[in-house]
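Scope of the values below: all heavy atoms of this structure, side chains included, with no hydrogens, waters or symmetry mates. Computed from a predicted model, the values in this text were never measured in an experiment.
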Amino acid sequence: MEAASKPDQYRALGLSTFAFTVCFAVWTIFSIIGVRIQQELGLSETEFGILVATPVLTGSISRIFLGVWTEQLGGRLIYTLQMLLTAGCTWLLSSANSYPLFLLAALGVGFAGGSFIVGIAYTSRWFSKERQGTALGIFGAGNVGAAVTNFGAPFLVVAFGWQQTSQIYAVVLAITAVLFYLLAKDDPALVRRRKQGEKPPSATNQLKPLKNIQVWRFATYYFFVFGGFVALASYLPRFYVGAYGLELVLAGMLAAAYSLPGSVFRALGGWMSDIWGARAVMYATFIVSLICLFFMSYPETRYTVQGIDGPIEFTIRLNLVVFVLLTIILGFLMSLGKAAVYKHIPVYYPEHVGSVGGLVGMIGGLGGFFLPIAFGILNDWLKVWTSSFMLLFVLVLISTVWMHLAIRRAEHRRHPQLAGERYLSDVPDQPYVDEDKS
């Protein structure tokens, strides 16, 4: 790849990050307007979870073919078309008046989530391997769109209503699409292919690495760090309203306090992955997340102890301030983990960023789909508000054990004399190293 000039690199990174921020804000719109819709339609917790999660389903599944198309046709074109399609669906959302129609509209809004893999494939083409972690971390900070929605959308809903809020979002996204097409440039790889008359890579070739178990392990990590982030960004406003009895505006602001570090520090995670390695960042992310989720999972519990002078009763419960602080820490850790996962992909699969990144992003996005539904089901079944964090604790524990065993097994196989010393190193001996194969 010909070296791109720094102004062109900054242009591509800035435009793609801004577009992704707007798309992510649209993608999480149901976290706020969904609360109003639930109240209007009298939805159960499970029905609310399905409504909030439905856009994530489309945004997840679409990442596979959007990633392949971006590799073939270029990010400038695919990004623009994806945003225009989503803007139209978001406008139509304001006309829905029944639960089935809301679900159908939510499927269309979900295409906003597909912007992630388009931006990843487009942005990675402008930077060398040594700088991709930082660049993709900056791009991924567009997750801050969730905080924009959690903070700003409640005020729009109060001032204009949820229908007009969706129309405002649609207009902003359409304007963003037009500006992106006019200001962005085709990536260097696409320009080179056109000059040399090369054919675009086939879909079959792009999907070939997906047979590797290692790719699916990366996807499992992303199921938590991204899927869990999206799920909580959508679920926390409802949690604060139900568990702590807060008003929607305050609940949205506290959810934004979680979403903000879960977004802006992704750039830091990319830089840390470039300097210390993505594996070390993943270990830190998982271990500290387990500690946070352990305390967040503990339900309000009342104890009666037989004292000297009679029964002594006391209650154990996380107060609101401590809980919010833990969500902020968890969001920060997720931002580091998201960057670390995508640092792996250009290193191991440099010619298949679109397809491999698309699969990893799809599985992560599916986490954002299934987890809110699971949260709602657990709430209806167990009647315990903190059951959602119990589920996340189990998910992180499984991912941590799998990662550690796979890495130790791979290092022992390739470097038995150094197996105890090299397990934090994430530089492969060659592309397509599948650490899960024995």
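- Side-chain contact check for S16 and T123: at least one donor-acceptor pair (N or O, by modelled atom type) lies under 3.5 Å.
- In plain terms, the two heavy atoms of L93 and S166 that are nearest each other are CD2-CB, 3.9 Å.
- The aromatic ring centres of F389 and F323 sit less than 6.0 Å apart.
- Note that the CD1 atom of I29 and the CG atom of L173 stand 10.5 Å from one another [nearest 0.5 Å].
- Atoms CE and CG, on M282 and L336 in that order, are 9.5 Å from each other to the nearest 0.5 Å.
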I would like to know whether R36 and V157 meet side chain to side chain contact (heavy atoms under 4.5 Å, CB included); could you show each step before the answer? CA-CA 9 Å; R36 284 283 188 263; V157 170; 3.7 Å; yes
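- To the nearest 0.5 Å, atom CG of residue L85 and atom OG1 of residue T90 are 9.0 Å apart.
- Here CD of E47 is found 9.5 Å from CG of L51. Values are rounded to the nearest 0.5 Å.
- To the nearest 0.5 Å, the span separating CG on L320 from OH on Y244 amounts to 6.0 Å.
- Annotation: Y99, atom OH; neighbour count of heavy atoms from other residues, nucleotides and ligands within 6.0 Å is above 12.
- Remark: the backbone N or O of M334 is not paired with any side-chain donor or acceptor of T285 at under 3.5 angstrom.
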Step-by-step side chain to side chain contact (heavy atoms under 4.5 Å, CB included) determination, L103 to I50: CA-CA 8 Å; L103 293 179; I50 293 174; 4.0 Å; yes
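- For the residue pair Q82 / S115, no side-chain donor-acceptor distance below 3.5 Å is found, with atom types taken as modelled.
- By the 6.0 Å contact criterion, CD on Q39 is enclosed, its count of non-hydrogen atoms from other residues, nucleotides or ligands being greater than 12.
- With hydrogens and angles ignored, the 3.5 Å screen pairs a side-chain donor or acceptor of S297 with a backbone N or O of M390.
- A cation-pi arrangement is present between R76 and Y181, with the terminal nitrogen or guanidinium carbon under 6.0 Å from the aromatic centre and inside a 45° cone about the axis.
- Here the side chain of Q167 pairs no donor or acceptor atom with the backbone of W91 at under 3.5 angstrom.
- Between F223 and S399, the closest side-chain pair of non-hydrogen atoms is not below 4.5 Å.
- In terms of heavy-atom proximity, S273 sits nearest to V281 at OG-CG2, 3.9 Å.
- Between L330 atom CG and I291 atom CD1 the span is 12.0 Å, to the nearest 0.5 Å.
- Residue L333 comes nearest to C292 through the heavy atom pair CD1-SG, 4.5 Å, listed as atom of the first residue, atom of the second, then distance.
- Side-chain contact between Y240 and V324: present, with at least one pair of heavy atoms (C-beta onward) separated by less than 4.5 Å.
- Close placement of the Y258 and F229 rings is indicated, their centers lying within 6.0 Å of each other.
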Given ring pair (Phe, Tyr, Trp, His ring centres under 6.0 Å), test W162 with F102 step by step and report yes or no. CA-CA 13 Å; W162 69 262; F102 278 118; 5.3 Å; yes
Carefully, step by step, assess W271 and L268 under the rule side chain to side chain contact (heavy atoms under 4.5 Å, CB included). CA-CA 5 Å; W271 177 80; L268 175 63; 4.0 Å; yes
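- Formation of a donor-acceptor pair under 3.5 Å by the R217 side chain with backbone atoms of A406 is not found in this model.
- Judged purely by distance below 3.5 Å, without hydrogens or angles, the side chains of N379 and Y235 pair a donor atom with an acceptor atom.
- For the residue pair Y79/T70, the side-chain donor-acceptor check at 3.5 Å is not satisfied.
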Trace of the side chain to side chain contact (heavy atoms under 4.5 Å, CB included) decision for Q163 with I33: CA-CA 9 Å; Q163 293 93 340; I33 70 171; over 6 Å; no
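- Between W27 and F24, the ring planes lie perpendicular to each other; the angle is over 60°, past the 30° to 60° tilted range.
- When every heavy atom of D187 is checked against every heavy atom of W126, the shortest pair comes out as CA-CZ2, 3.5 Å.
- Applying side chain to side chain contact (heavy atoms under 4.5 Å, CB included) to V396 and the options L290, L391, I287 leaves one that passes, L290.
- Two residues are said to be in side-chain contact when any heavy atoms from C-beta on lie closer than 4.5 Å; Y221 and F286 meet this criterion.
- The backbone N or O of G110 sits nowhere less than 3.5 Å from a side-chain atom of T58 that would complete a donor-acceptor pair.
- Just one residue in the list L182, I175, T176 forms a side chain to side chain contact (heavy atoms under 4.5 Å, CB included) with V178, and that residue is L182.
- Annotation for A174 and L84: closest pair O-CD2, 4.2 Å, computed over non-hydrogen atoms.
- Residues P237 and A251 come closest through the heavy atom pair O-CB, 3.6 Å.
- Heavy-atom neighbours of F295 CZ from other residues, nucleotides or ligands within 6.0 Å: at or below the threshold of 12.
- Looking at S388, its side chain never comes within 3.5 Å of a backbone N or O of F375 through a donor-acceptor pair.
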Before giving the answer on ring pair (Phe, Tyr, Trp, His ring centres under 6.0 Å), spell out for F139 and Y122 the whole-Å C-alpha distance, their side-chain angles and the decisive distance to 0.1 Å. CA-CA 11 Å; F139 166 78; Y122 176 73; 9.2 Å; no
